[in-house]
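What's counted below: heavy atoms across the whole structure, side chains too, no hydrogens, waters or symmetry copies. Only a predicted model underlies this, so the values are computations on that prediction, with no experimental measurement involved.
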Number of protein chains: 2
Amino acid sequence: MTRPLTSAERALATLRDLIMGGDLAPGARLGEVELAERLGVSRTPVREALSRLASEGLVELVPNRGARVATWTVAELEGVFDLRSVLEPQLTAHAVPNARPADVDALDDLARRMLAVGTPGPDQDLDALVPLNRAFHDRLVALAAHPTLAAALAAAIHPPIVRRNFLTYDEESLRRSLAHHAEIVAALRAGDPEWARAVMTSHIANARAVMVRAARLQATDPATRTEETA
Amino acid sequence: MTRPLTSAERALATLRDLIMGGDLAPGARLGEVELAERLGVSRTPVREALSRLASEGLVELVPNRGARVATWTVAELEGVFDLRSVLEPQLTAHAVPNARPADVDALDDLARRMLAVGTPGPDQDLDALVPLNRAFHDRLVALAAHPTLAAALAAAIHPPIVRRNFLTYDEESLRRSLAHHAEIVAALRAGDPEWARAVMTSHIANARAVMVRAARLQATDPATRTEETA
DNA sequence: TCCTCGGGGATTGCATGCAAGGTAGGGGTG
DNA sequence: CACCCCTACCTTGCATGCAATCCCCGAGGA
């Protein structure tokens with residue numbers, strides 16, 4: 001019973017996916033007519049979508065000069081992690097009293113599967129980690145049942161930062177990250193919100209260190225820079 | 001050298017002010033043609049403004065059914081305060097090392113003026129408190145120099161919740177609130193971020209109690225309900 | 001009396017057209 | 001030779017028109 005989406009909504013969703021999925025690199029120009037043709041609609045819904053993406057921070061919109069995919073500096077990246085490091089531990093703590101055994105089992109399953117595909121060896125498949133990780137965090141956020149905090153977090157994660165992040169993890173940080181997931185499950189099972197909060201805080205700090213290091217490398221290595229003046 | 005704003009930007013700003021200022025009550029219908037005439041532009045920029053306000057959470061937008069000013073429940077109000085109670089203390093702590101004597105003096109001045117117009121007596125002027133309070137908090141947020149956290153906070157405060165809140169403070173809570181401002185100044189002067197953080201946490205908790213009580217009263221008292229089905 | 005089923009009016013959703021503003025490239029000048 | 005300006009093209013910003021959808025309200029039947 002899902003009501004039919006409007007063209008503007010489809011354009012919004014498609015553009016968001018294109019940006020978050022990395023098909024449109026940061027700094028890439030977003031011409032209205034080009035997008036309209038690509039999406040098979042007129043410029044009007046495209047403009048509406050761009051406008052909303054701009055207020056979400058995914059694109060930068062300059063009057064009379066059009067839209068570009070938003071770029072981010074290392075400082076902004078650190079800012080996002082500052083925000084995550086206050087929001088996600090809080091959400092995790094909220095989730096604890098709401099976690100029913102079935103929920104914990106589902107999270108446990110996700111954590112185990114991440115461990116399976118994330119551990120170095122013949123079965124390692126880092127690409128498979130991304131959706132699993134997303135599912136884990138989404139489920140945790142849903143358990144918190146706190147729409148306002150969740151919305152603030154969703155607004156923060158926007159930048160295509162977390163996109164394919166596991167490729168940038170070094171082996172030790174990755175092992176830590178996987179262990180955190182398992183430990184969060186343990187904290188949930190124990191019903192200890194402070195434990196869960198602490199592990200999530202560590203989890204974000206670990207991710208922060210990895211991402212900031214990767215971003216610094218990318219910023220100084222011209223070979224990997226995405227074009228910004230296309 | 002401020003470049004001329006587009007019609008859509010003006011519509012956006014005007015609508016935002018109208019909503020935040022309470023001229024458009026929560027639940028009020030926002031017809032495109034009506035707004036377009038009121039603002040002297042065509043429907044297109046109005047649509048764009050409504051679209052952006054929707055993604056900011058200020059209006060609710062239902063396909064084919066138009067826009068209404070967003071309404072909020074007591075639960076959502078509490079959610080907003082949950083968010084503020086993690087963000088504002090953090091921002092306040094960030095502000096401490098950046099506070100130069102001149103900044104502290106300016107905040108001190110604001111706190112004193114709030115005390116002057118907020119203390120019961122012949123000089124009490126609760127309406128004057130609102131802009132002073134805003135200036136105080138804005139200045140503090142600016143000092144934190146943390147755009148990401150600030151943006152998340154700004155997105156949260158949206159609901160016209162904080163609008164004319166001082167009218168709902170009881171005498172004791174108001175006195176507490178004014179004292180908090182002064183104490184934050186003291187913490188800044190002492191250069192103690194944890195002190196500042198703790199006071200701000202109390203400040204938000206106090207405000208939360210006042211606002212939730214007021215909202216509960218309003219929700220049960222039909223006389224003060226704003227029309228929602230206009 | 002209550003529920004169901006249209007019909008008219010109004011409103012939104014989208015496409016298109018036009019004008020204002022911006023960008024790039026070439027010629028002229030110091 | 002470098003710099004500036006000017007022109008032509010392109011893009012965006014906005015207005016308007018038309019079709020699709022929804023809401024309201026009244027008539028008919030159970």
Would you mind reading off the distance between [X] atom [atom1] and [N] atom [atom2], rounded to a whole angstrom?
X      : N       : atom1 : atom2 : result
R43(A) : dC10(D) : CZ    : P     : 15 Å
R68(B) : dT12(C) : CZ    : P     : 11 Å
E32(B) : dA15(D) : CD    : P     : 13 Å
E48(A) : dC14(D) : CD    : C1'   : 14 Å
E9(A)  : dT12(C) : CD    : P     : 15 Å
L5(B)  : dA20(C) : CG    : C1'   : 16 Å
L61(B) : dT11(C) : CG    : P     : 16 Å
L35(A) : dA15(C) : CG    : C1'   : 17 Å

**Study point:** Side-chain H-bond candidate by donor/acceptor type, H137(B) with E88(B), under 3.5 Å
**Key:** yes
Practice item. Compute whether any side-chain donor of one residue and acceptor of the other, for H180(A) and N206(A), lie under 3.5 angstrom apart. Key: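 Per modelled atom types, H180(A) and N206(A) side chains form no pair under 3.5 Å.
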Check your understanding: Is a side-chain donor or acceptor of E37(B) paired with a backbone partner of E34(B) at a separation under 3.5 angstrom?
Key -> no
Practice item. Would you indicate what T44(B) reaches in the nucleic acid, counting non-hydrogen atoms under 4.0 angstrom: base, sugar-phosphate, or nothing? Key: base
Check your understanding: Just checking L30(A): base, sugar-phosphate only, or nothing, at a heavy-atom cut-off of under 4.0 Å?
Key -> sugar-phosphate
Practice item. Using a strict cut-off of less than 4.0 Å between a Lys/Arg side-chain nitrogen and an Asp/Glu carboxylate oxygen, indicate whether R16(A) and E56(A) qualify as a salt bridge. Key: yes
For a quick test of reading the model: is some side-chain N or O of [X] closer than 4.0 Å to OP1 or OP2 of [N]?
X      : N       : value
R29(B) : dT12(C) : yes
S42(B) : dT16(D) : no
R47(B) : dG13(C) : yes

Which nucleotide sits closest to the side chain of [X]: [options]?
X      : options                   : answer
N64(B) : dC18(D), dT12(D), dC22(D) : dC22(D)
P63(A) : dC14(C), dG13(D), dT12(C) : dG13(D)
P45(A) : dG13(C), dC14(D), dA15(C) : dA15(C)

**Study point:** First encountered from the 5' end of DNA chain C, between G40(A) and V33(B)
**Key:**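 Looking at the nearest nucleotide for each, V33(B) comes out on the 5' side.
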Practice item. Measure the CG-OG distance between D170(B) and S173(B) for me, rounded to the nearest 0.5 Å. Key: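 Between D170(B) CG and S173(B) OG, I get 3.5 Å after rounding to 0.5 Å.
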Review point. Hey, does the side-chain of R65(B) have a donor or acceptor N/O within less than 3.5 Å of a partner on the base of dG13(C)?
Key: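 When only heavy-atom distances are counted, R65(B) does not reach the base of dG13(C) through any donor-acceptor pair under 3.5 Å.
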